Amino acid sequence: MGILVANGCSFTYGDEMKGSRNPEGFHCDTHHHATYVAKLAELMGVPYKNLAMNGSSNEKIFRRTMHFIQTTKKDIDLLVVQWSSLGRFEIVEEQDWEHDVWVQKECNANQVHLGIKMGSVETGPRFVWEIGNKNPRNLILKHFSEEVLTVSTMVLKTLSYMNIIQHVCDIMNIRVIQHHANGVANSIVLRSMRNQHTPEYSKQIASYIKGLPRTSRIGLGKYETLWDLSNRKYGIYPCGHPKEEAHEDFAKLLYNVVIPDIPIKGKQGELEA
Amino acid sequence: MTYLVTNGCSFVWGDELEGFDNDPPSHHHLTFSHLLSKKLDVPLVNLASCGASNYKIFRDTTDFLRQTKKGLPSHMVILWSAWQRDEVPEAKSVDFDNGVEIQRWQSMTQVSPSRLASLDGPIAEVLDIYYDYMDVGRLGMIRTLNYMNHLQWLCDQLGIKLIQGAFHKRMMLNLLNACKPKYTKNDDYTWAPWVQYIQDSLGSLKPTSRIGLGSGWPDLYHLSKTKYTIKPFGHPDEDAQVEYADMLYDIFQNEFDK
């Protein structure tokens with residue numbers, strides 16, 4: 001029997017759900033059975049492995065997902081990758097700057113969290129700094145993210161990672177679902193393509209979007225995201241995470257609607273008749 | 001289909017080889033890629049471009065494998081570039097691209113601590129400070145080793161014979177320096193988890209995926225520096241390209257299908 005593997009950020013980890021944020025540490029959290037990953041595995045009748053960690057950037061999600069696929073001895077029946085905010089990126093530092101927030105640590109990689117303001121059509125979307133900027137590190141990261149990195153870089157990276165995962169799953173005959181945390185991702189991607197001075201960039205983004213089946217575009221114009229579903233029906237937890245009931249609904253959406261929509265592929269990505 | 005794909009930065013494109021600055025460039029027959037394809041008796045697709053960051057090399061290689069209509073290649077050689085390079089999108093004119101002599105595919109500028117002078121004022125100023133403060137070398141090592149492991153695994157799955165490694169001996173020196181024991185002994189903060197991750201990632205690579213990274217085979221720069229000459233802007237010469245092609249050919253002949 002194959003397993004269900006999922007990765008993502010706090011939305012997939014299940015942050016703020018009852019039983020999470022245990023003062024003794026993440027290993028004492030007891031909310032796991034209530035996440036959409038556990039619910040979906042239950043519907044499918046398969047074991048699951050949830051790789052998600054709070055605060056993950058898309059670079060971290062890609063890195064850890066690929067490492068798991070490459071090293072696991074288990075058959076993967078379904079891979080669910082939830083992509084995080086396009087305003088996050090990864091840096092490595094000796095010092096742990098995330099010690100006072102609920103973020104799991106790994107290989108000295110700190111995840112930088114930024115909000116995104118939409119910007120003008122001329123400049124494209126830009127990051128907006130949401131963390132106090134009194135120390136030099138934060139100030140440097142603020143200027144770096146605004147003047148150099150810009151959200152357009154993360155859009156390109158994320159979409160290329162999505163295409164790579166799609167390709168790998170097609171080769172390995174693994175069913176895959178990819179979804180964004182929030183429907184805002186679609187607006188950000190579209191806006192990044194509207195800068196008239198970067199036509200080649202826009203063409204590349206369009207090509208990446210075109211390379212994905214609808215079942216890997218949840219939140220990119222297809223279906224409803226976990227956050228939007230929760231916001232519409234149940235509200236949102238204080239720190240911005242989807243409610244437990246939304247996890248249950250989202251698992252049903254994936255099981256009843258999205259999974260039957262997954263294109264059936266054979267080895268080497270050839271579409272079966 | 002039987003053909004060879006190569007990718008990398010200027011070392012693979014063949015910068016400074018005789019004829020490189022002709023319009024169009026006429027040096028391609030002197031590159032190790034071309035020479036290797038002749039020895040293997042297979043056609044060549046050389047994806048390399050000057051100044052390429054490792055993310056661009058990874059993106060272009062995986063895009064190619066996913067989108068090619070030629071069928072999958074039989075052989076592939078990837079020379080990874082400096083750890084600290086990256087790419088960001090910028091709106092620039094065609095004149096700018098020509099002036100810098102590093103083409104900007106997909107409107108992406110390849111940025112590096114050694115190329116700040118060619119960037120716009122605000123970007124250069126911010127990057128100058130950023131490079132002083134942030135450890136872009138260690139970040140690049142995590143990313144690049146992840147890309148290398150991915151390509152090794154992908155090529156194994158697809159039945160492609162892959163050789164990959166470092167373009168320059170500095171890469172191995174950077175790696176060794178960053179992993180020194182002194183960095184894991186700080187009581188307050190430590191690089192120990194990072195070092196462990198790097199050692200595991202490097203350990204997952206086969207010798208044929210570690211050319212110039214402790215496998216015993218030299219990188220292209222070191223070969224040129226020790227046996228031949230280095231061009232004025234730091235690139236290997238024509239003779240080094242010949243010997244490097246011979247070395248890669250021997251690896252393809254002797255290290256695969258064992």
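Each chain gets a letter, A, B and so on, in the order its sequence line appears, and its residues count up from 1. Note that this is a predicted model, so its numbers are computed, not measured.
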What part of A:S207 gets within 4.5 angstrom of chain B, counting heavy atoms only: side chain, backbone, both, or neither? side chain

Any side-chain donor near an acceptor of the partner, B:T144 and B:N54, under 3.5 Å: yes

Pair B:S112, B:R115 - check side-chain contact (heavy atoms from CB on, under 4.5 Å), show working. CA-CA 5 Å; B:S112 162; B:R115 278 203 304 276; 3.9 Å; yes

Under 4.5 Å from any heavy atom of chain A, what part of B:I123 do you find: side chain, backbone, both or neither? both

Go through the atoms of B:Q152 and report whether side chain, backbone, both or neither lie under 4.5 Å from a heavy atom of chain A. neither

From CA spacing to verdict: ring pair (Phe, Tyr, Trp, His ring centres under 6.0 Å), B:Y3, B:H75: CA-CA 6 Å; B:Y3 66 100; B:H75 300 76; 9.6 Å; no

Based on non-hydrogen pairs under 4.5 Å, which of B:W153, B:W194, B:Y197 is most in contact with chain A? B:W153

Per-residue contact mode, A:L156 against chain B (heavy atom under 4.5 angstrom): both

Let me know if B:D135 has heavy atoms under 4.5 Å from chain A in its side chain, its backbone, both or neither. both

Need one label for B:D156: side chain, backbone, both or neither, based on atoms under 4.5 Å from any heavy atom in chain A. neither

Ignoring hydrogens and geometry beyond distance, is a side-chain donor-acceptor pair present between A:E200 and B:S107 at under 3.5 Å? no

With a 6.0 Å cut-off on ring centres, are B:H150 and B:F58 close enough? yes

Side chains of A:R63 and B:I142, heavy atoms from C-beta outward: is any pair under 4.5 Å? yes

Please classify the contact of B:D132 with chain A as side chain, backbone, both or neither, using a heavy-atom distance under 4.5 Å. neither

Does the A:S10 side chain pair with the main chain of A:Y13, one donor and one acceptor, at a distance under 3.5 Å? no

Compute both the distance and the angle, then confirm whether B:R138 meets the cation-pi test with B:Y183: under 6.0 Å from the six-membered ring centre, within 45 degrees of the axis. yes

With chain A, the option among B:S204, B:P122, B:A192, B:P193 that has the most non-hydrogen atom pairs under 4.5 Å is B:P193

Return the option, out of B:L154, B:V136, B:V88, B:I129, with the maximum number of heavy-atom pairs under 4.5 Å with chain A. B:V88

With a 4.5 angstrom heavy-atom cut-off, could you sort out which part of B:A124 is near chain A: side chain, backbone, both or neither? neither

